[in-house]
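See below for the structure under consideration.
Both ligands and their constituent atoms are indexed starting at 1 by order of listing.
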Amino acid sequence: MAKTYNPYDNMLQVLESAAQKLGLKPSDYETLKFPERELKVSIPIRMDDGSIKVFEGYRVQHSSTLGPCKGGIRYHQEVDIDEVKALAAWMTFKCAVVNLPYGGAKGAVKVDPGKLSHAELERVTRRFTAAILPIIGPEKDIPAPDVNTNAEIMGWIMDTYSMLHGYAIPSVVTGKSIEIGGSLGRAEATGRGVSIVTQEILKYLGMPETGVKIAVQGLGNVGGISAKLLHENGHKIVAVSDVSGGLYNPAGLNVPALRAYIEKNRTLEGYSEPGARNITNGELIGCECDVLVPCALQNQITSANAASVQAKLIVEGANGPTAVDADEILSKKGITIVPDILANAGGVVVSYFEWVQNIQELTWEEDQINATLKKIMVRSFGQVLEIVKEHRVSFRVAAYMLAIGKLVRAKKIRGVFP
Ligand SMILES: NC(=O)c1ccc[n+]([C@@H]2O[C@H](COP(=O)([O-])OP(=O)(O)OC[C@H]3O[C@@H](n4cnc5c(N)ncnc54)[C@H](O)[C@@H]3O)[C@@H](O)[C@H]2O)c1
């Protein structure tokens, strides 16, 4: 039977190793093991056929030590509270790695959005927003898009929250459409961050900075933009996949054509091009390539398939794509992993820019946004790299050490209430 992985246990294991490397006392980081607040809600919806269905939703706030909580909302039929708790904790560490004045949170609704009509999706979103309303807000907790949620859904959240307060409050969510206070550059930010960090690590490892063979799992917001920008940087995207399956072309896939097809048909299913053959998601993980960029869901690389990985480098676009036991196997094979809390932090960086613009009621130019994002990603990569070199640890443990060090110092200054 396949082993089941609990992402929260994964998070706790990495937290322990990083805390030990930092020489912390257990009492220094005890609070980081527990989310500050977990809310579970029921979401009753009138379906289009007149029946009533009740969905389950969650919002978890892991830490507000460094500022208001921040984190996406995911719609997925298999989501559970441990996944949301892990995702919330990763947000805390991610914001600390890139030095944002935010804590971490995450939300989810247990639903397959593909099985809802557009009107049902809107009703689920508005009722979920009403249910979590007491704990969200621009100064408390600011949601954003994640798996299966997008700018349209963020717009419904912003509208519901604003209607219930009686005036427009754009700063309650990020990742909105530009017309209602979204930021230029936000839609591409996570993938842009992934591509910036990929270029940095290629340089550090002495690998070619153009023309490397890259496999991207998941072609949604993060994977689609990562593939586009890495292709524009002159790399060969040899493999891609989504929930419907994947494609492999050793000569490099036609990324603009692939993206146009997905834009029209929602998935890769039915796409073909000369020289490409169909592969499964499992085959993509083990395909012949230099760099593997998982951008779908957690626990895609596990002890069951880690030995098959041929890439020399993994850049984690998704949150938690590599299980802890897979990390050990990959590290023994000499494979470098740039961890999620660094590699995919570009999204929350530009979400922060969006929130700041909303609060200040002004807008920034796109080149200014992209240039500041690049500066932050390159600086954070450099800080993590310093720790890798000084302590001879993996990039994952180094990124956690950077984050935990900041959080523990801040916690000491704030003290424990009462
Ligand atoms: N959206 C953001 O700004 C952001 C920021 C940081 C991290 N992330 C993380 O990146 C990952 C992807 O998020 P997204 O926003 O791009 O979501 P998305 O819904 O836009 O895209 C998800 C993609 O993964 C594919 N997928 C789903 N299940 C799969 C499976 N079992 N095998 C292969 N492919 C599968 C989907 O078909 C789709 O192409 C998640 O782990 C998310 O938490 C997202």
### Query
Which is it for Met91 and ligand 1 at heavy atoms under 4.0 Å: side chain, backbone, both or neither?
neither
#### Entry: Arg74, portion touching ligand 1 at heavy-atom distance under 4.0 Å
side chain
### Query
Would Asp242 and Thr267 count as having a side-chain donor-acceptor pair, cut-off 3.5 Å?
no
### Query
Would you say Val222 has any N or O atom under 3.5 Å from an N or O of ligand 1, going by distance alone?
yes
### Task
State which residues pass ring pair (Phe, Tyr, Trp, His ring centres under 6.0 Å) with Tyr261; sequence neighbours excluded, sorted by chain then number.
Tyr271
### Message
Less than 4.0 angstrom from a charged side-chain N to a carboxylate O is my criterion; do Lys115 and Glu120 meet it?
### Response
no
### Query
So which of Pro294, Gly191, Gly282, Gly220 gets nearest to atom 23 (C) of ligand 1, if we judge by its closest heavy atom?
Gly220
### Message
If we ignore hydrogens and angles and just use 3.5 Å, is the side chain of Lys333 paired with the main-chain N or O of Val309 as donor and acceptor?
### Response
yes
### Query
Which bit of Thr190 is near ligand 1, meaning a heavy atom under 4.0 Å away: side chain, backbone, both or neither?
side chain
### Message
Under 4.0 Å between a side-chain nitrogen and a carboxylate oxygen: does that hold for Asp340 and Lys94?
### Response
no
### Message
Need the ligand 1 atom indices (1-based, order shown) with element for anything under 4.0 Å from a heavy-atom of Asn148.
### Response
19 (O)
### Task
Below 4.0 angstrom from a heavy atom of Asn281, which ligand 1 atoms are there? Numbered from 1 as shown, please.
32 (N), 33 (C)
